[in-house]
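Have a look at the structure below before the remarks.
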Amino acid sequence: MKRLFALLATFATVLGLTAAFSPPAVAATGCKVDYTVTSQWTGGFQAGVKITNLGAPVTGWTLAFTMPAAGQKVTQGWNATWSQSGSAVTVVGVDWNRTLATGAAADVGFTGTFTGANPKPTAFTLNGVACTGSLEEPPPVPVDGTPVDVNGQLHVCGVNLCNQHNRPVQLRGMSTHGIQWFDRCYNAASLDALADDWKSDLFRIAMYVQEDGYETDPAGFTGRVNDLVDMAEDRGMYAVIDFHTLTPGDPNFNLERAKTFFASVAARNAGKKNVIYEIANEPNGVSWSAVKNYAEQVIPVIRAADPDAVVIVGTRGWSSLGVSDGSNESEVVNNPVNASNIMYAFHFYAASHKDNYRAALSRAASQLPLFVSEFGTVSATGGGAMDRTSTTAWLDLLDQLKISYANWTYSEAPESSAAFKPGTCNGSDYGSSGVLTESGALLKSRISTPDSFPTS
Ligand code: IDC
């Protein structure tokens, strides 16, 4: 017997089959791969790979595939451990997605480079079994309950926003305009429409500090923010309390106001599960170290009153992770805010901010927890033509990376970033095609698709 084994082993080695004598990988009897290039630019691209296990449940998986063209290289992957040797790419599931029941899927993705052509990869295998499955995708099963019912208290886990089941979630929703100007747009009917018709998961409350905002009436604005938090909570939506600093761009200008404001709203809302604090909308004209210093003074004030809420920290260059100031995410990666359970804001305006911003977000997404707490479909002025192509590329990327977002604005402001036509807020219709702008119609179509929040 021993002799036979040795003989077989020798024979196998000659044939290059030593792996046959290793402990068997957990077998899958079938699989399906959906490969989608979500965005492509000169010499670079981003792709999503959805792996569906059609075989027996697996407790660990390795996806392998071949890059057909010589210049195709994976530069950065996410939601798995990625490696490449020549044309062979290997993708190994990580802690939270390595178990796949029959029919379950894992979403992974990567950014890559290419020279010349960028053909679709071939020869996908899952644990060594060819992925030839072509079962129709079942439509996502809408879960019962509101976003807050299903997800409960959120927290940051790794680079993701996670729900009460410790699973990554993406929240999709809308931001108010400045509540000092468009308060009339936030009432029972508009919040009902946002929750029921738009099926929004979150509502960002943009409380400007200057420009006739908070500084003119701290008690009044604090009260109004709290009322809007309650209105969101009543409808099962998350509320982002946005301390909307903009001009001046150094958040330290408002440090004392921020401490006063957040001490108050954090104490008042500590018992709620739906509140996320955003401490500085868009730092600009200021160094990252100054923003970090501000954050490290404001976050403890929030934690003292509300220890478990997620906090979003603005980033340099109008929350572009420094990109709009000629820097990039490395200044944050190398010098992160000294606090836990925080995310970093990334803002973009689709007609102004394109491939290099998408590339920065893609790189940063595997290293930093990111939250797109504001973006527009138009130019950074809030006006100009809607850029459908760029907006779609952005939203596909955010969906792929499970990055939460809020769109500027759920308002009737006379500018193309607003979702409603002027005059809408005099009425009670906040959802039909007659009241929506081009941007509003696009956002409603994106936000209202079923959520697929993990429930266990
Ligand atoms: C814009 C509003 C506009 C207002 C202006 C000044 O759309 O009506 O006059 O602010 O307050 C941001 C800011 C956000 C801007 C928006 C569009 O966070 O306050 O709103 N924008 O310019 N960053 C990038 C773009």
Side-chain angles (χ1 to χ4, degrees), residues 173-186 202-216 221 225 240-251 253-254 258 276-286 291 294 312-325 343-354 356-358 360-361 370-387 390-391 394 398 404-425 437-440 442-443:
M174 297 295 292
S175 173
T176 68
H177 202 290
I179 57 173
Q180 79 276 36
W181 295 315
F182 290 95
D183 199 42
R184 62 183 177 278
C185 291
Y186 313 112
L202 88 158
F203 180 57
R204 179 189 192 232
I205 303 161
M207 187 197 71
Y208 275 72
V209 185
Q210 276 73 44
E211 301 185 60
D212 297 327
Y214 175 81
E215 66 178 0
T216 64
F221 279 95
V225 167
V240 174
I241 298 180
D242 162 33
F243 194 68
H244 200 87
T245 57
L246 185 60
T247 310
D250 182 351
F253 178 83
N254 288 303
I276 298 170
Y277 302 101
E278 182 176 6
I279 60 175
N281 167 51
E282 291 188 351
N284 58 88
V286 64
V291 179
Y294 166 86
I312 302 170
V313 180
T315 57
R316 181 152 79 103
W318 295 273
S319 285
S320 67
L321 287 169
V323 178
S324 289
D325 276 355
M343 307 189 84
Y344 296 93
F346 187 88
H347 292 179
F348 64 85
Y349 278 72
S352 303
H353 308 130
K354 299 187 179 177
N356 60 321
Y357 286 80
R358 283 191 279 269
L361 175 105
L370 300 177
F371 198 117
V372 174
S373 49
E374 181 185 311
F375 79 96
T377 61
V378 299
S379 89
T381 62
M386 182 177 94
D387 190 330
S390 177
T391 300
W394 272 113
L398 300 182
S404 300
Y405 63 78
N407 173 250
W408 185 264
T409 56
Y410 197 67
S411 86
E412 60 169 5
E415 55 190 13
S416 52
S417 51
F420 304 122
K421 294 176 182 165
T424 299
C425 300
T437 63
E438 197 182 5
S439 186
L442 176 59
L443 259 296

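For ligands, and for the atoms within them, numbers begin at 1 and follow the listed sequence. Basis for what follows: all heavy atoms, side chains included, without hydrogens, waters or symmetry-related copies.
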Checklist entry - Does the separation of the ring centres of Tyr277 and Phe243 fall below 6.0 angstrom? => result no
Checklist entry - Taking the six-membered ring for Trp, is the centroid-to-centroid distance between Phe348 and Tyr357 below 6.0 Å? => result no
Item to check | Protein residues that have a heavy atom under 4.0 Å from any atom of ligand 1, sorted by chain and number | outcome: His177, Trp181, Tyr208, Glu211, His244, Leu246, Asn281, Glu282, Tyr349, Glu374, Ala380, Thr381, Gly382, Trp408, Glu415
Item to check | Between Glu215 and Gln210: side-chain donor-acceptor atoms closer than 3.5 Å | outcome: yes
Checklist entry - So, Thr381 and Ser379: side-chain donor and acceptor under 3.5 Å apart, yes or no? => result yes
Checklist entry - Would you call Glu412 and Lys421 a salt bridge, taking side-chain N to carboxylate O under 4.0 Å as the test? => result no
Next on the checklist: Here's a test for you: under side chain to side chain donor-acceptor pair (under 3.5 Å), which of Trp408, Tyr349, Tyr405 qualifies with Glu374?
Outcome noted: Tyr349
